[in-house]
Amino acid sequence: MTDRDLVHPPSPTTERHPSDLAEILERVLDKGIVIAGDIKIDLLDIELLTIRLRLFISSVDTARKAGIDWWETDPALSSRAARDTLAQENAELRERLHALESRIGPEELSAVGATEERSPQ
C-alpha cells in the first residue's frame, strides 16, 4: 500500500466554498424565506398557552415588495417615526387645549392667568 492509496480527496458534498455560502445568502435575501411554527401547551384538553412564531428573512427591498415596512413607522426603531409621533401628539394636545379654552369664557381664562389665543408653535 502506498501513501497515494491512503490519501482520499474530499468528497464534493462535504466541501464548502465561501462563494457557495455567499450565493445561498444572496438568494435568501433576494427571494426571502419564511419560517413559521406554533407552540401549544394543553393541560387536560384545556388550551393554556399558544405561541405563534413567524420569521421572515429577507433584504429590506424584498420586505418592502412584500408590503412589510413596520420598522419605518415604529418610534423605537426610527428617529423619523419618533419625531412624527411626537409632532402628532403635540398637535392633538394643542387641539384639545384650544377646545377646552373655547368652552371656558374669557373671564375664567384671565382669572387663571391663561393667554387669550395661543398660537401653535
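Because the structure is a prediction, the values reported are computed rather than measured.
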Expected list for residues 44-57: side-chain donor-acceptor pairs under 3.5 angstrom, two or more places apart:
unit_1	atom_1	unit_2	atom_2	d
Glu47	OE2	Thr50	OG1	2.4
Arg54	NH1	Gly37	O	3.1
Arg54	NH1	Asp38	OD1	3.3
Arg54	NH2	Asp38	OD1	3.4

Quiz prompt | Reported CG-to-CG distance for the pair Leu25 and Asp30, which is rounded to 0.5 angstrom | solution = 11.0 Å

Quiz item: Between CD of Glu95 and CG of Leu100, what distance do you get to the nearest 0.5 Å?
Solution: 12.0 Å

Quiz item: Atom OG of Ser59 and atom NZ of Lys65: how far apart are they, to the nearest 0.5 Å?
Solution: 7.5 Å

Quiz item: side chain to side chain donor-acceptor pair (under 3.5 Å) with Arg103: which residues, sequence neighbours excluded?
Solution: none

